[in-house]
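What's counted below: heavy atoms across the whole structure, side chains too, no hydrogens, waters or symmetry copies. Chain identifiers are assigned alphabetically (A, B, ...) following the order of the sequence lines, protein sequences preceding nucleic acid strands; residue numbering begins at 1 within each chain. On a predicted model such as this, the values are computed, not experimentally measured, just so you know.
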Amino acid sequence: MEHSVINVLFVGNNFARIMQGLWTSVWISVDSLAAGLVLGTLLGILRTLPSKPLRFILRLYLEFFRIVPTIVLLYLVYYILPRSFNISWPASWMAILAFALWVAAEFSDIVRGAIESVPVTQKESGLALGLSKTQLFRYVLLPQAVQLELPATINLATRVIKTTSLLMMISIMDVIAIGQQIIEANNQKYPTAVFWIYGLIFILYFIIDYPLSLWSKKLAAKENR
Amino acid sequence: MTEEILRVENLNKFYGDRHILHDINFTLHQGEVLTLLGPSGSGKSTLIRCLNGLEDFSSGAVYFKGEKIKPTDKNWQEIRQKIGMVFQSYDLFPNLTVMENILLAPTKVQKRAKDQVAQEAEGLLKDVGLEKYADSYPRELSGGQKQRIAIVRALIMHPEVMLLDEVTASLDPEMVRGILQIMTKLSKKHHMTMIIVTHEMGFAEQIADQVLFLEDGRILENTPGKAFFAQPKTERARDFLESMDF
């Protein structure tokens, strides 16, 4: 009897539902990363400008999102925002908003660090050729910064994907939420199903995150060469 | 009298309280080569960097072809297209190939047609013996090769004057000669107006029309090249030449 517990995974449309949940997690990650990286690049560039007030405000923004736990952010956007500002977006949009703002904050610091670590002589030789500040950013500093920031960015992506496991807290049917439903539905018949379901989810997250982690390690090793 | 290209009038520079450049005055005419000589820390590099706005100065003025340069970012950006500069550390852009390095400023800043500039670039690469490296990345080149590319990258802008800041200082001795030959050819054959900071005394004697000898941010001598090496006016300059084993 015991070995047939594995059937839980394949009874009815359980497996398809789990994959559906995984898909939800993945596209929320991808969307919030896309939006967050664009916004973060912009904020990162702004943070290299000499204006002190601007840098202070952006620093506050970064620290806020770095310190506040993600679960609190999700509650803020899901419970507080709609009530205070009369916004009624679907939960998944709210989740993307919270994640994108968090990614933007973290990424702005990565971008700032990368731009500042491009040698100052690169900047001077660009200026000496008559490039404008914008051209200097676009053709010289940013492309070099992107290479420097790639490992840290991939690292950030794996963290975002992992953190989507909190989405069930704001009633989004991600892979964890669906897994729990299946466990509860089969609790009587297969008390050990919990082990199999979470085991599968573990493997699924691993399959997505591990290649990213390997890629980032490889790039970092290449840089240190 | 040939046309005046650069004139510096009463230029002073301070870093906080420290007086870095004292009342610098000189004039550079079309086709002339001026070398800045002096011990390390005498202000040669700071002075040459003031001439294209990479360093700002505290008082005085720089004139380009008789016109006073207003020291704003925008103005310097315009004027830098006419004042080429090559640095000690080459500073090719590592994210671009040799050809892309050369084409970037002419096509983006001067908006010249890419295929025409590329053709000219091929010619210049051939002149410096690097036509095979157009599609290489800087990391694949030796120091001497990188410096030759940096010179080509500056020349393709059609500058009216070139600023060369210790361009051989970080090269292997055997690479130095090739770079010096390129500079000599630029002067003798193309009559390029140049300001050169260098520690290669033999080269300076051969190429300099005018020598500025600096110490502690002051011009101690402003002498025609041959006269400076034959008979320096100040004792300090004599000591300097002796210490350079020259």
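For B:I79, no part lies near chain A; criterion is any non-hydrogen pair under 4.5 Å. In this structure, the portion of B:L92 lying under 4.5 Å from any heavy atom of chain A is its backbone and not its side chain. Within the 4.5 angstrom heavy-atom criterion, atoms from both the backbone and the side chain of A:Q122 approach chain B. In this structure, the portion of B:R49 lying under 4.5 Å from any heavy atom of chain A is its side chain and not its backbone. With a threshold of 4.5 angstrom between heavy atoms, B:F87 approaches chain A through side-chain atoms but not through N, CA, C or O.
More than 12 heavy atoms of other shown residues, nucleotides or ligands fall within 6.0 angstrom of atom CD in B:E140. More than 12 heavy atoms of other shown residues, nucleotides or ligands fall within 6.0 angstrom of atom CE in B:M99. Around the OH atom of A:Y79, the shell of radius 6.0 Å holds more than 12 heavy atoms that belong to other residues, nucleotides or ligands. Within 6.0 Å of atom OH in B:Y133, 12 or fewer heavy atoms from other residues, nucleotides or ligands are found, so the atom counts as exposed in its surroundings. Heavy atoms from other residues, nucleotides or ligands lying under 6.0 Å from CH2 of A:W27 number more than 12. Within a 6.0 Å radius of NZ in A:K123, other residues, nucleotides and ligands contribute 12 heavy atoms or fewer.
Side chains of B:R153 and A:L129 form a contact here, defined as non-hydrogen atoms less than 4.5 Å apart. The shortest side-chain heavy-atom distance between B:D91 and A:E124 does not fall under the 4.5 Å cut-off.
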Report task. Begin from the C-alpha positions of B:D73 and A:K133 and carry the test side-chain contact (heavy atoms from CB on, under 4.5 Å) through to its verdict. Result -> CA-CA 9 Å; B:D73 279 0; A:K133 288 249 164 72; 3.1 Å; yes
Query - Worked check of side-chain contact (heavy atoms from CB on, under 4.5 Å) between A:L127 and B:L54 - result: CA-CA 8 Å; A:L127 289 177; B:L54 287 182; 4.1 Å; yes
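With values rounded to the nearest 0.5 angstrom, B:F93 atom CZ is found 9.0 Å from A:L141 atom CG. If you take OH on B:Y90 and OG on A:S125, they are separated by 13.0 Å, rounding to the nearest 0.5 Å. Within the model, atoms OG1 of B:T107 and OH of A:Y139 stand 7.5 Å from one another, a figure rounded to the nearest 0.5 Å. For the atom pair CG of B:L104 and CD of A:Q135, the computed distance is 7.5 Å after rounding to the nearest 0.5 Å. Once rounded to the nearest 0.5 Å, the distance linking CG of A:L136 with NZ of B:K108 reads 14.5 Å.
Residue B:Q77 comes nearest to A:L131 through the heavy atom pair CG-O, 3.7 Å, listed as atom of the first residue, atom of the second, then distance. When all heavy atoms are compared, the tightest approach of B:M85 to A:A128 is CB-CB, 4.1 Å.
Between the side chain of B:Q81 and the main chain of A:G130, no donor-acceptor pair closer than 3.5 Å is present. Listed for the B:N95 side chain is no donor-acceptor partner under 3.5 Å among the backbone atoms of A:Q147.
The most heavy-atom pairs under 4.5 Å with chain A, out of B:P94, B:A154, B:S89, B:G84, come from B:P94.
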